[in-house]
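Shown next, in structure tokens, is the structure this report addresses.
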Amino acid sequence: MIRVMLVDDHELVRTGFRHILNDMQDVEVVGEAETGEGALQQIPQLKPDLVLMDINMPGIGGIEATRTIKRKYPEIQVIVISVHSDAPFPSKLHDAGALGYLTKGCPASELMLAIRTVVNGKPFLSSEVAQKLSLAKLAGIDAELPFDALSKREMQVMMMIVQGTKNQDISDTLCVSPKTVSTYRHRLFEKLGVETDAELTMLAIRHGVSEYET
């Protein structure tokens with residue numbers, strides 16, 4: 001069972017997260033806090049495996065709270081969820097120790113996938129964040145923007161492939177058939193000029209979309 005703590009200063013947001021996570025049989029919401037300080041006070045008793053952390057909160061805020069959590073409790077993983085999808089937030093949060101970064105507009109399926117990925121020690125960026133981060137890093141450096149050619153769904157599939165997700169799991173997460181996943185895979189391989197998952201992973205790492213190496 002994955003023990004999750006919710007940290008957000010909006011009760012409605014926490015309620016929404018809790019409702020989604022209650023549908024996950026392998027997840028238990030063990031506590032909530034409105035601030036980073038409140039989270040730090042409760043963590044010793046709650047002993048969560050993972051914290052869903054808002055960035056913009058009263059007090060020390062999400063970045064400093066994440067940094068403190070990782071310093072005191074390195075075994076606890078952190079996913080930051082924010083209204084922001086642009087750089088430099090992902091890089092700052094990575095430096096603070098967060099392994100996951102999602103926007104509050106992400107689909108429930110992406111939240112679920114992020115939790116299962118990050119709790120196993122692997123980084124996760126939502127497709128929207130990954131695309132914008134990639135484009136920001138490429139701006140002024142390369143003339144071509146390889147991931148700009150991908151649709152939102154193709155970007156989702158690409159990120160899952162890079163994170164080592166199997167075709168059937170991609171199919172289950174996105175609620176599409178395995179044949180449709182294969183079609184997306186073929187299209188994005190063609191658009192990006194790669195032939196294997198390994199080549200795709202290396203391309204993603206080279207352009208800052210992913211830091212996960214298989």
Side-chain angles (χ1 to χ4, degrees), residues 1-126 128-130 133 159 163-165 169 173 210-213:
M1 186 68 70
I2 304 171
R3 297 170 59 83
V4 175
M5 182 178 190
L6 307 177
V7 185
D8 194 296
D9 58 328
H10 293 97
E11 183 177 357
L12 186 60
V13 172
R14 298 197 308 274
T15 299
F17 289 160
R18 187 170 60 250
H19 178 74
I20 294 171
L21 299 184
N22 283 342
D23 290 335
M24 298 175 66
Q25 295 182 349
D26 56 345
V27 171
E28 177 186 8
V29 177
V30 296
E32 300 179 17
E34 297 181 350
T35 64
E37 293 92 331
L40 291 168
Q41 290 175 358
Q42 296 184 58
I43 282 176
Q45 290 76 38
L46 297 178
K47 295 181 172 57
D49 300 308
L50 184 145
V51 176
L52 290 180
M53 178 78 70
D54 185 25
I55 289 182
N56 296 312
M57 296 181 293
I60 61 175
I63 295 179
E64 186 57 36
T66 296
R67 184 177 290 111
T68 303
I69 289 171
K70 294 303 295 183
R71 184 176 67 249
K72 291 185 174 181
Y73 315 100
E75 73 281 3
I76 297 176
Q77 304 297 354
V78 179
I79 295 176
V80 169
I81 303 182
S82 173
V83 295
H84 300 285
S85 60
D86 298 310
F89 286 103
S91 58
K92 286 184 177 180
L93 287 158
H94 177 267
D95 292 342
L99 272 185
Y101 190 99
L102 299 173
T103 62
K104 289 185 177 179
C106 76
S109 60
E110 207 161 47
L111 173 61
M112 294 177 178
L113 181 61
I115 289 173
R116 294 184 175 122
T117 299
V118 169
V119 80
N120 287 316
K122 299 177 182 178
F124 187 95
L125 293 180
S126 72
E128 180 185 4
V129 172
L133 180 60
M159 290 301 300
Q163 290 151 7
T165 309
D169 293 331
T173 299
S210 175
E211 296 177 6
Y212 170 57
E213 298 185 57

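Note that the numbering runs from 1 along the sequence shown for the chain.
Atom CE of residue M112 and atom CG of residue D23 lie 5.5 Å apart, to the nearest 0.5 angstrom. Rounded to the nearest 0.5 Å, atoms CD1 (I2) and CE (M24) are 6.0 Å apart. The OG1 atom of T15 sits 11.0 Å away from the CD1 atom of I20 when rounded to the nearest 0.5 Å. Rounding to the nearest 0.5 Å places CG of L99 at 13.0 Å from CD1 of I76. Taking CD1 of I69 as the reference point, atom CD1 of I43 lies at 3.5 Å (rounded to 0.5 Å). One distance of note links NZ of K70 with CD of E75; it measures 7.5 Å at 0.5 Å rounding.
Put simply, the side chain of V4 does not reach to within 4.5 Å of the side chain of F17, judged on heavy atoms. Using a 4.5 Å cut-off on side-chain heavy atoms (C-beta onward), Y101 and P123 make no contact. I115 is listed as a side-chain neighbour of L21, based on a closest heavy-atom distance under 4.5 Å. Looking only at side-chain heavy atoms (C-beta outward), L50 and V118 come within less than 4.5 Å of each other.
Scanning both residues, P44 and L40, for their nearest heavy atoms gives CD-O, 3.3 Å. For the residue pair A39 and A33, the shortest heavy atom distance occurs at N-CB, 3.5 Å. Scanning all heavy atoms of the two residues, the minimum distance from A65 to M53 falls at CB-CE, 3.7 Å.
With N120 contributing its side chain and K122 its backbone, the two residues share no donor-acceptor pair below 3.5 Å. Judged purely by atom type and a 3.5 angstrom limit, D49 uses its side chain to pair as donor or acceptor with the backbone of R3.
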>> What verdict does the side-chain contact (heavy atoms from CB on, under 4.5 Å) test give for F124 and L113, after you've listed the backbone C-alpha separation in whole Å, the side-chain angles of each residue and the deciding distance to 0.1 Å?
In response: CA-CA 9 Å; F124 187 95; L113 181 61; 3.7 Å; yes
> Stepwise, does the side-chain contact (heavy atoms from CB on, under 4.5 Å) test hold for L52 with L111?
Replying inline: CA-CA 10 Å; L52 290 180; L111 173 61; 4.2 Å; yes
>> Applying side-chain contact (heavy atoms from CB on, under 4.5 Å) to T66 and V80, what does each step give before you reach the verdict?
In response: CA-CA 9 Å; T66 296; V80 169; 4.1 Å; yes
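Residue Q25 places its CD atom among 12 or fewer non-hydrogen atoms of other residues, nucleotides or ligands, all under 6.0 Å distant.
Judged as a salt bridge (Lys or Arg N to Asp or Glu O under 4.0 Å), and not counting sequence neighbours, K47 has no contacts.
A side chain to side chain donor-acceptor pair (under 3.5 Å) check over residues 32-46, counting only residues at least two apart or in different chains, returns the pairs R14-E32, R18-E32. Listed by first and then second residue, the side chain to side chain donor-acceptor pair (under 3.5 Å) pairs involving residues 106-119 are D26-R116, E110-S127 (not counting sequence neighbours).
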